[in-house]
Novice: 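A single structure is presented below for examination.
We use all heavy atoms of the structure for the numbers below, so side chains are in, but hydrogens, waters and symmetry mates are not. Counting convention: from 1, in listed order, for ligands and their atoms alike. Small disclaimer: the values here were computed from a predicted structure and weren't measured.
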Amino acid sequence: MGMRRKLCFTLLVLSVIVLSASLSLANTQEWEGQEEEEEEEDENPYVFESHHFLSKVKSERGRILSIPKFDRRSKLLRGIRRYRVVIQQVNPETVLTPTYLDATAVNFVSSGQGTINVIHEDRRDSFKLEKGVVFRLRAGTTFSIVNHHRRDKLNIIQLLRPVNNEGQFEPFFLAAGSNPESFFTTFSSEILEAAFKTSSGELQRLFSRREQGQGVFVKASKEQIRALSVSEESGGIWPFGGQSRGTLRLFKKHPTQSNNFGKLYEADRNDYPPLEEEDLSISYANISQDGMIAPYYNAESTKIAVVTDGDGYFEMACPHVSKSGDDEQQQQEGRSGVAYHKIRSAIRTGSVFVVPAGHPVVTVASNRGNLEIVCFEVNAKHNVRYMLAGKKNVVKKMEREEKELTFDARREEVDRVFGNQNEEFFVQGPEWRQQPGQGRAYE
Ligand SMILES: *[C@@H]1O[C@H](CO)[C@@H](O)[C@H](O)[C@H]1NC(C)=O
């Protein structure tokens, strides 16, 4: 009954609307994980699980979910409060009818196939969507999404940067219907009659035609789907299409890191110019079963990661969330004001987690299969990734005296530890070292 208690607590804090959204989310499948330890929420504001998700639109044919505002979850996430993470899910043989957002969106297709049709001021573009496609949609650009597949859902992960209110976005639906309604129907009928130079009867027929319950996600016939789908690119893939017009196919790139323990695909402003405007880079880590990403930190970027497949866990050293009380208390007790807290959390398909700049982190795949994660790195322009272990770690570049003074040890000893791992970035995970019967650390 822990879940019910949590929801009751939510009722006190949030509005009734938010409550019903999270209740309905409890029934969802794909983006839901197992139960979570209760105390994790307070101690670890860096992970979002399915019970955190809010639902903007939910119907039989598709959903638009978002995680809450970052700064609402925790003050520690204020640095990325401009952003929101959204999941758009379009069911088979369904069209998300034309919509725009008051937010610029960088999109990553995490599964499924389909087409996005984009209506610009002076032209219309269509792009094929498949796993690994990245595209940027500017705020206010009207788009529709078609899932032509007969069985598979189309899932798109979006990083939104709202343009009106920091961290707050709204979709604007042209579609006629109830729940949600078309924004057109908000206007007075005499206004619409004058604007369209038509009769109120005709307007009413058009705007109240759709059956009850049918919303912005609409089932389409095979012919309609075919007409709205592209088999070939009409807008072109960067760099062959016009600048900023195309999409980027992340998995067509060579991995920047690749060994038995995983593959990393990375794209930055040189691969896709809109990423420069958004000051963003995108990467996709496919960590092999029992593999892990060796400890590293990002110099300037904050990483917003979404698990697209598999499960595992991550550990991070965090100086902000400290077990041993606040800074003042520590200083009164004569202890150093710096203490690192171990943030550790299981992650699984649908988990969203945040790794702030400077925070050393590792990500470990389970022994059940690969762990796949898409990462949006914000504030990307001058970012450098510094490895703390593996073939190219920072300690290896230090002078002998630095090593000796830092670790109060002979250089040879330091080198034995920091020079032993020959793999780079992806390494074998901790599983193989565990004693039989010890079980998985994160279970
Ligand atoms: C990740 O790796 C596994 C195993 O090699 C592979 O089956 C899967 O397709 C990969 N995922 C992506 C998105 O490339």
Novice: Looking at H341 versus H320, is the centre-to-centre ring distance below 6.0 Å?
Specialist: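 Centroid distance H341-H320: not below 6.0 Å, so no.
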
Novice: With sequence neighbours excluded, give me every salt bridge (Lys or Arg N to Asp or Glu O under 4.0 Å) pair touching residues 293-309.
Specialist: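 Those involving residues 293-309 are K303-E377.
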
Novice: Salt bridge (Lys or Arg N to Asp or Glu O under 4.0 Å): which pairs involve residues 253-265, sequence neighbours left out?
Specialist: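 Pairs touching residues 253-265 that pass the test: K253-D271.
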
Novice: Can you name the residues that form a side chain to side chain contact (heavy atoms under 4.5 Å, CB included) with R400, not counting sequence neighbours?
Specialist: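 Only E404, R411, E412 meet the side chain to side chain contact (heavy atoms under 4.5 Å, CB included) criterion with R400.
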
Novice: Salt bridge (Lys or Arg N to Asp or Glu O under 4.0 Å), that's the test. Do E277 and R269 meet it? Break it down for me.
Specialist: CA-CA 8 Å; E277 288 171 41; R269 57 184 191 272; over 6 Å; no

Novice: Can you pull every nitrogen or oxygen pair between ligand 1 and the protein closer than 3.5 angstrom?
Specialist:
unit_1   : atom_1 : unit_2 : atom_2 : d
ligand 1 : 2 (O)  : N286   : OD1    : 3.3
ligand 1 : 2 (O)  : N286   : ND2    : 2.4
ligand 1 : 2 (O)  : N370   : ND2    : 3.0
ligand 1 : 11 (N) : N286   : ND2    : 2.8
ligand 1 : 11 (N) : E372   : OE1    : 3.2
ligand 1 : 11 (N) : E372   : OE2    : 3.3

Novice: Which class fits the ring pair Y296 and F425: parallel under 30°, tilted 30 to 60°, perpendicular over 60°?
Specialist: tilted

